[in-house]
Number of protein chains: 2
Amino acid sequence: MRLEQMIERLKESDCRITPQRYAVLKVLANSSEHPSVESIHAKLVEHYPTMSLATVYKTITLLKREGEILELEFSDLGNRYDGRKPYPHPHVICTECGKIIDPSHLDLEEITSKMMEETGFKIMTHRLDFYGLCPNCQG
Amino acid sequence: MRLEQMIERLKESDCRITPQRYAVLKVLANSSEHPSVESIHAKLVEHYPTMSLATVYKTITLLKREGEILELEFSDLGNRYDGRKPYPHPHVICTECGKIIDPSHLDLEEITSKMMEETGFKIMTHRLDFYGLCPNCQG
DNA sequence: TTTCGTGCAAAAGCTTTGCATTAGC
DNA sequence: GCTAATGCAAAGCTTTTGCACGAAA
């Protein structure tokens with residue numbers, strides 16, 4: 001399961017599993033709504049009143065370095081995180097309410113090969129986002 | 001040509017074409033390297049010593065509202081802008097030197113339709129970025 | 001016991017805003 | 001002349017950093 005995988009990876013890199021880190025990992029492993037740093041922190045402060053924003057940021061930096069989290073950068077919505085599927089996959093984003101969902105996987109292998117051929121780049125990863133209105137916001 | 005198109009659009013929206021705006025538009029219309037606000041400003045200060053960063057930001061906000069510019073959000077590289085092709089198109093980005101190029105157009109029509117069917121979203125636009133090493137940075 | 005992590009507050013970027021001055025139209 | 005745009009400085013956000021204290025192994 002995701003939580004165990006994350007913990008395993010951090011231990012392999014000689015990181016300590018503190019209660020704070022465990023809590024952040026747990027939220028990331030169990031959230032499908034692509035939370036922000038702010039929302040992770042808000043959720044945790046209820047149970048760990050001293051939990052600081054800096055610790056959430058530091059844990060996320062750590063997970064990014066370990067490749068255990070996917071960062072989605074948005075200048076409007078702020079950065080959002082996907083701890084369940086830390087590999088590139090498409091997202092569908094509502095420009096009205098900020099909802100982000102994962103549609104079924106799309107295979108971009110072939111397109112990626114074509115891009116490498118055409119540009120000479122050695123492509124390592126990609127990002128594919130669709131923007132529009134979710135069913136609720138189409139009123 | 002792009003510059004004239006931008007000017008036309010701003011005039012239609014009753015915006016004044018000041019020397020400062022004209023200068024920003026000119027840079028955006030003629031740059032293929034997807035400049036940042038900072039680099040646009042740096043280029044212009046040489047000729048217009050009083051040109052302020054705020055004015056560049058305000059002009060870009062205006063162009064975004066008018067749909068005459070494409071904003072590419074990156075938390076590492078900072079936001080970058082494409083004034084030549086203000087519609088969605090793929091980008092190939094070097095993670096080493098920050099170079100951004102436009103490969104030939106890819107048709108995502110069919111994929112977009114599939115996404116709409118699957119998710120119920122009304123998709124208006126998209127973003128597709130490939131990340132890797134450009135030929136120069138592969139040493 | 002030694003090293004690493006936490007949490008506070010301060011700093012750092014980047015972008016936006018308020019407001020008096022200046023300049024299009 | 002009326003109204004909008006400029007440019008400065010200040011404010012706002014998000015994210016990072018420094019450092020003393022506390023906790024993990």
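In what follows, chains carry the letters A, B, and so on, assigned in the order in which the sequence lines appear, proteins first and then strands, with residues in each chain numbered from 1.
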Engineer: Could you tell me the separation between the CD1 atom of B/I60 and the C1' atom of C/dT16, rounded to a whole number of Å?
Structural biologist: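 These atoms are roughly 13 Å apart.
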
Engineer: Within less than 4.0 Å of OP1 or OP2 of C/dG24, is there a side-chain N or O belonging to B/R21?
Structural biologist: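 Negative; the distance criterion is not met.
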
Engineer: When you match B/T50 and B/R16 each to their closest nucleotide on DNA chain D, which lands nearer the 5' end?
Structural biologist: B/R16

Engineer: Return yes when atom CD of A/E12 has more than 12 non-hydrogen atoms of other residues, nucleotides or ligands closer than 6.0 Å, and no otherwise.
Structural biologist: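 Yes - once you tally the heavy atoms of other residues, nucleotides and ligands closer than 6.0 Å, there are more than 12.
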
Engineer: B/N79 near the nucleic acid: base, sugar-phosphate alone, or nothing, with a heavy-atom cut-off under 4.0 Å?
Structural biologist: sugar-phosphate

Engineer: To the nearest Å, how far apart are A/E38 CD and D/dT16 P?
Structural biologist: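 The distance from CD of A/E38 to P of D/dT16 comes to 14 Å, rounded to the nearest Å.
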
Engineer: Salt bridge or not between A/R21 and A/E68? Use side-chain N to carboxylate O under 4.0 Å.
Structural biologist: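 Judged by the 4.0 Å cut-off on N to carboxylate O distance, A/R21 and A/E68 do not form a salt bridge.
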
Engineer: Between A/A54 and B/K11, just flag the one whose closest nucleotide in DNA chain C comes earlier from the 5' side.
Structural biologist: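 Nearest-nucleotide comparison on DNA chain C picks A/A54.
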
Engineer: What's the CD1-P distance between A/I17 and D/dA24, to the nearest Å?
Structural biologist: 12 Å

Engineer: Please determine which of B/R80, B/K43, B/K99 meets the salt bridge (Lys or Arg N to Asp or Glu O under 4.0 Å) test together with B/E33.
Structural biologist: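 One option only clears the test, and that one is B/K43.
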
Engineer: Taking only N and O in the side chain of A/Q20, is any of them less than 4.0 Å away from OP1 or OP2 of C/dG5?
Structural biologist: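 For A/Q20, the contact criterion (side-chain N or O under 4.0 Å from OP1 or OP2 of C/dG5) is not met.
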
Engineer: Measure from CD1 on A/I40 to P on D/dT15 and round the result to the nearest Å.
Structural biologist: 11 Å

Engineer: Return no unless some side-chain N or O of B/T55 is found under 4.0 Å from OP1 or OP2 of D/dG7.
Structural biologist: yes

Engineer: Quick one: is A/T18 getting a side-chain N or O under 4.0 Å of the D/dA23 phosphate, OP1 or OP2?
Structural biologist: no

Engineer: Could you state the CD-P distance from A/E73 to C/dC14, rounded to the nearest angstrom?
Structural biologist: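 Value for this atom pair: 14 Å.
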
Engineer: Go nucleotide by nucleotide along DNA chain C from the 5' end; which of B/C15 and B/V37 gets its closest nucleotide reached first?
Structural biologist: B/V37

Engineer: For a quick test of reading the model: is some side-chain N or O of B/S52 closer than 4.0 Å to OP1 or OP2 of D/dT6?
Structural biologist: no

Engineer: From the options C/dC14, C/dT17, D/dT14, select the nucleotide whose nearest atom is closest to the side chain of B/Y57.
Structural biologist: C/dC14

Engineer: Find the distance B/L53:CG to C/dG18:C1' and express it as a whole number of Å.
Structural biologist: 17 Å

Engineer: Counting side-chain heavy atoms from C-beta on, which of C/dT16, D/dC8, C/dC8 comes nearest to A/K58?
Structural biologist: C/dC8

Engineer: Please give, in whole Å, the distance from C/dT22 C1' to B/M51 CE?
Structural biologist: 15 Å

Engineer: Using the six-membered ring wherever Trp is involved, compare the ring planes of B/H34 and B/H91 and label them parallel, tilted or perpendicular (cut-offs 30° and 60°).
Structural biologist: perpendicular

Engineer: Within a strict 4.5 Å, meaning less than it, do heavy atoms of the A/Y81 and A/L63 side chains meet?
Structural biologist: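 The answer is no, as the side chains (C-beta and beyond) never meet within the 4.5 Å cut-off.
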
Engineer: Within this structure, what is the CG-to-C1' distance between B/L44 and D/dG7, rounded to whole angstrom?
Structural biologist: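 From B/L44 CG to D/dG7 C1': 15 Å.
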
